[in-house]
2 protein chains.
Amino acid sequence: MAAKAAAPDKRRQILDAAVRVFARQGFHATRVSDIADEAGVAYGLVYHYFRSKDEVLNELFIERWSLLLAAIEEADQAGGTHRERLAAVAGFIVGSYRHDPELMKVIIVEVTRAANSFGRTHLPEIRRAYESIAKIVADGQAAGEFRRDVTPLFASMAFYGAIEQLLSGWIFEVIPASDTSFEDAKDLLVTTICDGLGPR
Amino acid sequence: MAAKAAAPDKRRQILDAAVRVFARQGFHATRVSDIADEAGVAYGLVYHYFRSKDEVLNELFIERWSLLLAAIEEADQAGGTHRERLAAVAGFIVGSYRHDPELMKVIIVEVTRAANSFGRTHLPEIRRAYESIAKIVADGQAAGEFRRDVTPLFASMAFYGAIEQLLSGWIFEVIPASDTSFEDAKDLLVTTICDGLGPR
DNA sequence: CGGAACCGATTGACTGGTCAATCAGTGAGG
DNA sequence: CCTCACTGATTGACCAGTCAATCGGTTCCG
């Protein structure tokens with residue numbers, strides 16, 4: 001096997017291990033040696049592929065968040081009612097959690113909800129998501145689908161906040177997470193928010 | 001001035017200083033010496049009044065959160081429509097932020113949204129707030145005021161999540177915080193959530 | 001085709017700096 | 001003279017990041 005071919009494997013291995021360890025212990029409490037051990041790799045190799053412990057988390061966030069931004073964009077392009085577009089967004093996020101709870105836990109707990117420490121760096125990208133959602137709301141208002149007395153950005157924050165709180169509830173076992181609750185969650189979320197936004 | 005009389009002052013001084021420093025730098029990034037300096041007090045005195053740096057944050061959280069729990073309880077006892085009760089809860093939280101943004105920033109950023117690190121200890125108290133709100137929703141459903149196809153705990157999470165996200169938006173200047181936005185926020189929040197919960 | 005030079009991947013011991021927490025001491029009130 | 005709020009230098013643990021050394025493969029020259 002060529003040396004070049006082995007490299008990306010190890011890098012991936014480190015990232016995947018980092019997700020597990022960060023999810024288990026939290027970013028701050030994990031030592032770089034924990035990541036290396038979990039990945040079955042030497043300590044120094046982490047620094048061969050990443051400039052710092054922060055950069056590992058960075059990479060994980062950026063990988064995932066860009067998918068989210070793309071998904072929101074796509075949901076908007078896809079057409080349909082604006083309620084359906086919001087449903088697609090909620091569906092993507094809930095689906096992300098369902099598919100890889102550990103990664104989503106890390107993203108939410110260590111970045112999205114850690115705006116004071118690590119998340120500060122990524123505020124612009126996070127904000128972009130809020131704004132993309134707000135755009136859907138604004139278009140929905142223009143189309144007469146949503147009431148006009150709620151600022152789009154405000155509605156966007158409420159919508160995203162409700163989703164994230166729900167995921168947090170699952171993550172910390174404040175509310176039970178079953179397959180059916182995953183199924184229902186998206187619709188319930190959209191119903192809760194949209195019927196509050198809909199013209200009376 | 002008697003030594004005994006001075007004691008509570010210094011303790012308060014330390015707590016107040018801690019709020020400012022935690023809000024400015026975040027809990028993790030503040031050294032105990034920062035708190036002491038900000039309070040104009042010797043390093044060791046912090047350890048005279050508190051067992052650890054954690055306990056300082058603990059105290060701040062408990063002081064504030066017990067007020068929140070009491071406020072929810074009171075809003076529920078006060079009677080009126082259940083929509084009004086939720087409005088009282090939202091009003092209390094928004095008011096808390098308006099009255100002391102730094103303290104609320106610390107509570108939210110370092111405890112409530114840090115369930116993986118520090119907040120873990122307080123999960124039970126945090127959960128109690130969700131459950132108290134859920135009780136209001138459940139009673140509202142029983143009274144025919146709210147739709148029944150949304151689990152009370154689910155609605156509670158969405159409601160609280162929307163509020164917290166809004167505060168986070170203000171805290172991190174993702175959305176502008178003006179006096180009028182504080183005024184409007186409570187009503188907008190309640191409108192957004194309740195009209196989604198109301199019987200069609 | 002042998003082997004020498006090269007180069008990126010990989011290793012893990014070590015270091016430097018950072019702080020939380022301790023503790024021996026000071027001085028004022030009662 | 002005893003207690004207790006108060007002081008701040010010291011200590012001990014911890015850990016991110018460095019670095020010198022090794023490994024193994026590819027390339028290219030003779």
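Chain letters run A, B, ... following the sequence lines, proteins first and then strands; every chain starts at 1. Source: prediction; values computed, not measured.
- Here the CZ-CZ distance, from Arg11(A) to Phe50(A), works out to 4.0 Å after rounding to the nearest 0.5 Å.
- Within 4.0 Å of Ser52(B), counting heavy atoms only, lie sugar-phosphate atoms of the nucleic acid but no base atom.
- Rounded to the nearest 0.5 Å, atoms CD1 (Ile133(B)) and CD1 (Ile163(B)) are 6.0 Å apart.
- For the pair His48(A) and dT10(C), the criterion of a side-chain N or O lying under 4.0 Å from OP1 or OP2 is not met.
- Position along DNA chain D of the nearest nucleotide to Ala29(A) versus Gly44(A) favours Ala29(A) as the more 5'-ward residue.
- Rounded to whole angstrom, the span from the CG atom of Asp54(B) across to the C1' atom of dA21(C) amounts to 12 Å.
- Rounding to whole angstrom units, CG of residue Leu45(B) and C1' of dC23(C) are separated by 15 Å.
- Across the protein-nucleic acid pair, Tyr49(A) atom OH and dG17(D) atom C1' stand 18 Å apart, rounded to whole Å.
- The separation between Lys53(B) atom NZ and dT18(C) atom P is 15 Å, rounded to whole Å.
- One interatomic measurement links the two molecules: CD1 of Ile14(A) to P of dA9(C), which rounds to 11 Å at whole-angstrom precision.
- Here Tyr47(B) does not reach the OP1 or OP2 of dT7(D): none of its side-chain N or O atoms lies under 4.0 Å away.
- Listed pair Tyr43(A) / dG12(C) fails the phosphate criterion, with no side-chain N or O lying under 4.0 Å from OP1 or OP2.
- Between Arg113(A) and Gln165(A), the side chains place a donor N or O and an acceptor N or O closer than 3.5 Å (distance only, hydrogens not considered).
- The distance between atom CZ of Phe27(A) and atom P of dC15(D), rounded to the nearest whole Å, is 13 Å.
- Residue Phe50(B) contributes atom CZ, which lies 15 Å from atom P of dA20(C) at whole-angstrom precision.
- Note that CG of Asp16(A) is 10.0 Å distant from CD of Glu102(A), once rounded to the nearest 0.5 Å.
- Nearest heavy-atom pair across Ala138(B) and Pro152(B) is CB-CG, 3.9 Å.
- Remark: C1' of dA16(D) and CZ of Arg51(A) are 15 Å apart, rounded to the nearest angstrom.
- OP1 and OP2 of dA5(D) both lie 4.0 Å or more from every side-chain N or O belonging to Lys10(B).
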